[in-house]
Amino acid sequence: MLYNQSISEFIIVGFTNINHFGNLIFTFLILLFLLIVVNNIIMIFAVIFDLKLHRPKYYFIFALSVTEVGIVFTVYPTLLPLVLKGNVTISFHGCFAQMYTFHSLLITENFLLSLMALDRYIAICKALRYHMIMTLGFCKVLILFCYIIGFTLSLSLLIIVSRLPFCGPNTIQHVFCDSSPLLSLACANNDINIILEFIISSFTITLSSLSIVVTYINIMRSILKLKTSEERKKAFSTCASHLFMAIMFYGSITFMYIELQTSYSSDYDLATAIHHSVLMPLMSPLICSFRNREIANFLKKWILSRLPQIL
């Protein structure tokens with residue numbers, strides 16, 4: 001429930017210096033949007049229809065692709081018209097819905113990355129017991145738990161922001177409705193609320209990132225104990241893609257959410273928008289999946305099976 005509402009809409013004005021390049025950037029973002037959606041949908045269908053991919057590792061990748069598609073469809077409805085027109089109007093309730101969905105999916109992605117690290121740890125350090133520990137049923141429960149945690153934690157953030165009075169101005173200096181710029185618009189003393197937002201954001205980032213760091217420390221210790229360089233190389237290759245993606249994700253998200261800011265420049269907006277709605281959704285399937293031999297085999301078989309129909 002939203003309280004103390006005296007305005008009916010927000011105006012998002014994230015970009016102020018791209019007037020001459022709006023059409024070009026809009027076209028570029030449309031192409032990227034299609035590429036992101038197609039890449040992730042291919043990954044999703046590959047895991048659904050190829051029985052060889054019905055394994056925990058690919059279930060986690062499947063959940064990650066679903067989450068990335070969700071983030072894209074949450075951010076792009078304001079990002080695209082914003083680039084084209086310079087501003088976009090969003091309803092009061094729509095703004096809070098966008099903020100809640102975005103944060104829910106982002107927190108879910110945090111914990112999915114942690115689970116993927118755990119999966120690699122069990123595969124490398126507990127190889128003989130991997131199939132006993134990481135069963136498909138247990139994997140599905142872990143993924144469901146990630147979504148429950150994500151949508152529950154962000155609910156507390158929604159409650160904090162929605163209970164504040166908003167009496168104007170209603171201009172958001174961002175590329176979508178986010179908690180920090182909304183807090184700066186509230187007609188009340190926000191010191192406690194900013195601290196609470198910081199605690200929620202930093203708790204999520206710290207917990208998931210520390211778990212990944214600890215997990216990879218143990219993985220590296222196990223890899224270094226292997227007898228041959230070939231064994232070490234093979235073991236490291238199984239987790240290298242996830243490690244690279246985790247570094248990409250946490251490096252930027254720490255910069256975006258840990259620093260307390262009350263105003264945002266258009267350049268800052270552009271950087272954060274590109275990262276969360278373009279870079280990560282674009283790179284995730286490429287890094288985690290398409291270099292994988294089993295995914296490549298599925299795509300090859302699927303294309304070859306469709307060629308006679310096309311020809």
Side-chain angles (χ1 to χ4, degrees), residues 56-57 59-68 70-71 102-127 129-130 133-134 138-158 160 178-180 194-225 232 235-261 271-272 275-276 279-281 283-284 287-288:
K57 174 183 177 181
Y59 276 21
F60 290 128
I61 295 175
F62 168 87
L64 191 65
S65 291
V66 171
T67 304
E68 298 287 14
I71 290 175
F102 175 77
H103 279 275
S104 297
L105 293 172
L106 204 61
I107 293 173
T108 300
E109 188 173 12
N110 268 270
F111 288 105
L112 282 174
L113 288 172
S114 298
L115 281 185
M116 292 172 75
L118 176 63
D119 177 68
R120 293 301 85 202
Y121 167 78
I122 298 173
I124 294 173
C125 303
K126 310 287 182 182
R129 299 175 57 196
Y130 177 78
I133 298 173
M134 193 61 72
F138 183 53
C139 173
K140 293 175 183 178
V141 170
L142 290 176
I143 291 173
L144 178 62
F145 182 72
C146 284
Y147 280 97
I148 292 174
I149 290 293
F151 281 82
T152 302
L153 281 178
S154 60
L155 185 61
S156 61
L157 188 61
L158 175 65
I160 290 171
D178 201 2
S179 56
S180 295
I194 290 174
I195 292 173
L196 289 174
E197 184 209 22
F198 174 81
I199 291 173
I200 294 171
S201 300
S202 59
F203 169 77
T204 303
I205 296 170
T206 302
L207 181 63
S208 54
S209 60
L210 280 180
S211 67
I212 290 176
V213 170
V214 172
T215 300
Y216 271 104
I217 288 174
N218 288 306
I219 288 176
M220 292 305 171
R221 285 178 177 174
S222 297
I223 290 177
L224 292 175
K225 291 179 182 178
R232 291 192 291 270
F236 182 75
S237 65
T238 64
C239 58
S241 59
H242 172 265
L243 179 60
F244 176 73
M245 192 171 64
I247 291 173
M248 252 177 62
F249 182 84
Y250 287 104
S252 177
I253 202 173
T254 299
F255 170 74
M256 181 177 179
Y257 286 105
I258 292 298
E259 291 188 11
L260 296 176
Q261 296 188 356
T272 55
H275 178 267
H276 291 294
L279 185 60
M280 285 302 299
M283 296 301 293
S284 291
I287 295 173
C288 288

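All residue numbers refer to positions in the sequence shown, counting from 1.
In this structure, the separation between OG1 on Thr152 and CZ on Phe145 is 9.0 Å, given to the nearest 0.5 Å. Here the straight-line distance linking atom OG of Ser211 with atom CZ of Phe111 works out to 8.0 Å at 0.5 Å rounding. Atoms CD1 and OH, from Ile223 and Tyr216 in turn, are 9.0 Å apart once rounded to the nearest 0.5 Å. Remark: Met116 CE to Ser241 OG distance equals 7.0 Å, nearest 0.5 Å. With rounding to the nearest 0.5 Å, the separation of CZ in Phe249 from OG in Ser284 is 9.0 Å. From Ile217, atom CD1 reaches atom CD1 of Ile212 across 12.0 Å, with rounding to the nearest 0.5 Å.
Of all heavy-atom pairs spanning Tyr130 and Pro56, the tightest one is OH-CB, 3.6 Å. Contact detail for Ile107 and Ser154: the closest heavy-atom pair is CD1-N, 4.0 Å. For Ala117 against Thr215, the heavy-atom pair with the smallest separation is O-CG2, 3.3 Å. The shortest heavy-atom contact between Ala63 and Tyr147 is O-OH, 3.1 Å. Here the closest non-hydrogen pair linking Glu68 and Met280 is OE2-O, 3.7 Å. Looking at every heavy atom in both residues, Cys146 comes nearest to Leu115 through SG-CD1, 3.2 Å.
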Self-check item: Ile124/Phe236 under side-chain contact (heavy atoms from CB on, under 4.5 Å): CA gap, chis, key distance, verdict
Solution: CA-CA 9 Å; Ile124 294 173; Phe236 182 75; over 6 Å; no

Exercise. Start with the C-alpha distance between His103 and Ile200, add both sets of side-chain angles, then the distance that settles side-chain contact (heavy atoms from CB on, under 4.5 Å), and finish with yes or no.
Key: CA-CA 11 Å; His103 279 275; Ile200 294 171; over 6 Å; no

Exercise. Could you give me the CA-CA distance, side-chain angles and deciding distance for Glu197 and Ile160, then say whether side-chain contact (heavy atoms from CB on, under 4.5 Å) is met?
Key: CA-CA 8 Å; Glu197 184 209 22; Ile160 290 171; 5.9 Å; no

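Using a distance-only test at 3.5 Å, with no hydrogens or angles considered, a donor-acceptor pair links the side chain of Ser156 to the main chain of Leu153. Between the side chain of Thr206 and the backbone N or O of Phe203, no donor-acceptor pair lies under 3.5 Å.
Judged by distance alone, the side chains of Thr67 and Thr108 never bring a donor and an acceptor atom under 3.5 Å apart.
Looking only at side-chain heavy atoms (C-beta outward), His242 and Asp119 stay at 4.5 Å or farther from each other.
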